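A short write-up of the structure that comes next.
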Amino acid sequence: MEDLPNGFLYNPKKTPGFESAGDAIRRHESEAASGRNITDYRDSQQQALYDGWRVAPVEDSAQREVVPEHRSWTADNGYRPKDVLRYLRMPDPAAGEVGPVFDFQELDHIERTARRWSWVEISLTAIQNNVMAIKGMMRPETLFMAIIKADAYGHGAVKVAKTALNSGADQLGVATVDEGIAVRAGDIDAPVLILSEPPIDTIPLLLAYKLTPAVSTAEFAVKYAEAADAVGMRAPFHLKINTGMNRVGVRCSDVIALLDTISFHRALDLIGTFTHFATADSHDIMDFKLQRQRFEEAIALMRARGYDPGIVHAANSSATLRYPEVHYDMVRVGIAMYGCYPCPMTIGVVNLMPSMSVHARIRQVNQVPVGEGVSYGLKHRSSGFAKTCTISLGYADGLSRTLSGKINFIMNGVFHPQVGAICMDQCMFEVDQRTRNNIGRIDPEVGDEVVIIGAQGNCFITVDDMAEAANTIPYEIMIGFGNLRLPRIYT
């Protein structure tokens, strides 16, 4: 098929040095067949396109590696067309390669934050601070279990686990067997507790990966013990007691009956006993006291019947910060480790640092005429005095659609209202163009950084602020933003 003179329809003039797509393909095919290398076809017009490259000297030109300078495509230096050449390698004629061949290993070096301009930052320093601060208020002999379920509340389970363990944590808690396997895949050998009884089919995985299950039924306990005994292993477990939350666990009144049923098995090792408080974060402490009483009575009865409960633990983040008397042998800390106070009564008990912040860059700036709408439904109408800015962040990334029109973002150290319906992948905010209240006029530009959660200048937005606006809890906000659609940057 023959090209038009310059490769485009209805434009017969060819500019100096122009090469059509067809001509380029045919030239590459010809040069690949003749074994010519990249330096052989540099003419004066193309030479500038290769600035910043160096060609590694190798004997076989077909295996020549083109190594680019280390440059980043960011809002600061912008994209230059010649940068794409950094990601090419010489075609291999023996493999039938012709034309431009991309080096996919080199393409992987393009940072994920540069691919979409929205990201989550995780402060491992904050997690270290929080673990150490909480441990500072505990008895030295009390163990610390770091709860890293749900991919460490969206922070990245392996990195958080290693940081917590290096900061003084003793054990790890997860919700599922797969979460435990992911921890082991991260080369972590600390004790890992599955916080509720897993399905029987997972028993081989528990044994292979040395994961400790919670047990609350005789059926699971016996099959777990039989499987372990068949391969010459022990079957360690923590007994989960339901003291009133009525979610999972053996009813506190049935604990002795369960232990009497399963204690015959020689492979079983009861190494811990625990419960979970439903209202440790509540002003009303009546139910908390009742659960505590039931748990302590069950532990006392176990000991009286000759059963060693092992590590006794019950305190979640709220109970850890509010009630030192229920620290027992170990505490289980989740939300507080990530820098959120679990309830107003815990604020200031220790100095916690937020570990997650969310950022984006402006993708487009529009001067919307007065009266015209913004986003789906066009429910927000422009006043004509503001510029509408679009960022690549939406409800698929964790920014709930229910927050539409209810929150602010921060840019240039100033709050700006989010406007219009939050979309799946994008949302908009407005920057007022009027000068007032001693605040100069801010002129937004493509590439400007926007803070969704975090601090900039004297302004800050917390996970708790967003949770309150969404009528939910901080856990859900963190897990939403940490769903792996947004790249994580660790600091």
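What you see is a predicted model; the values in this text were computed from it and never measured.
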Counterpart residues, side chain to side chain contact (heavy atoms under 4.5 Å, CB included), relative to P487 (two or more places apart): R112, T113, W119

Partners meeting side chain to side chain contact (heavy atoms under 4.5 Å, CB included) with E296 (sequence neighbours left out): R292, Y328

ring-ring contact (aromatic ring centres under 6.0 Å, His included) assessment of Y323 paired with F288: CA-CA 10 Å; Y323 305 113; F288 168 78; 4.1 Å; yes

Cation-pi, Y209 ring and R184 (6.0 angstrom, 45 degrees): no

Any donor-acceptor pair under 3.5 Å linking the side chain of [X] with the backbone of [Y]?
{"X": "E197", "Y": "G249", "value": "no"}
{"X": "E179", "Y": "V174", "value": "no"}
{"X": "S404", "Y": "I422", "value": "yes"}
{"X": "D151", "Y": "A157", "value": "yes"}

Residues [X], [Y]: salt bridge by 4.0 Å N-O rule:
{"X": "D201", "Y": "K223", "answer": "no"}
{"X": "D425", "Y": "R363", "answer": "no"}
{"X": "R115", "Y": "E111", "answer": "no"}
{"X": "D308", "Y": "R303", "answer": "no"}
{"X": "D443", "Y": "K387", "answer": "yes"}

Aromatic ring pairing Y153/Y475, orientation class (parallel under 30°, perpendicular over 60°, tilted between): tilted

Whether F429 and F409 hold their rings parallel, tilted or perpendicular, with breakpoints at 30° and 60°: perpendicular

Evaluation steps, side chain to side chain contact (heavy atoms under 4.5 Å, CB included), between V450 and R361: CA-CA 6 Å; V450 181; R361 292 187 184 277; over 6 Å; no

Answer yes or no: are there more than 12 heavy-atom neighbours, outside [X] itself, under 6.0 Å from its atom [atom1]?
{"X": "E219", "atom1": "CD", "answer": "no"}
{"X": "E141", "atom1": "CD", "answer": "yes"}
{"X": "E468", "atom1": "CD", "answer": "no"}
{"X": "D108", "atom1": "CG", "answer": "yes"}
{"X": "M424", "atom1": "CE", "answer": "no"}
{"X": "E476", "atom1": "CD", "answer": "no"}
{"X": "F104", "atom1": "CZ", "answer": "no"}

E430 vs V368, side chain to side chain contact (heavy atoms under 4.5 Å, CB included): CA-CA, chis, key distance, verdict: CA-CA 10 Å; E430 278 189 346; V368 181; over 6 Å; no

Candidate pair N316 and H276, rule side chain to side chain contact (heavy atoms under 4.5 Å, CB included), full reasoning: CA-CA 7 Å; N316 53 13; H276 192 67; 3.8 Å; yes

Worked check of ring-ring contact (aromatic ring centres under 6.0 Å, His included) between H313 and H327: CA-CA 7 Å; H313 53 109; H327 285 185; over 10 Å; no

Between NE2 on residue H155 and CE on residue M356, distance to nearest 0.5 Å: 4.0 Å

Spacing of C459 atom SG and F415 atom CZ [to the nearest 0.5 Å]: 4.0 Å

Residue pair D260 / Y307, side-chain donor-acceptor N/O under 3.5 Å: yes

Any side-chain donor near an acceptor of the partner, S123 and T125, under 3.5 Å: no

Candidate pair L270 and F237, rule side chain to side chain contact (heavy atoms under 4.5 Å, CB included), full reasoning: CA-CA 5 Å; L270 174 58; F237 72 98; 3.5 Å; yes

Shortest non-hydrogen separation from I410 to G454 and the atoms involved: CD1-O, 3.9 Å

Taking every non-hydrogen atom, the tightest pair across A169 and A146: CB-CB, 4.2 Å

Residues forming a salt bridge (Lys or Arg N to Asp or Glu O under 4.0 Å) with R116, sequence neighbours excluded: D397

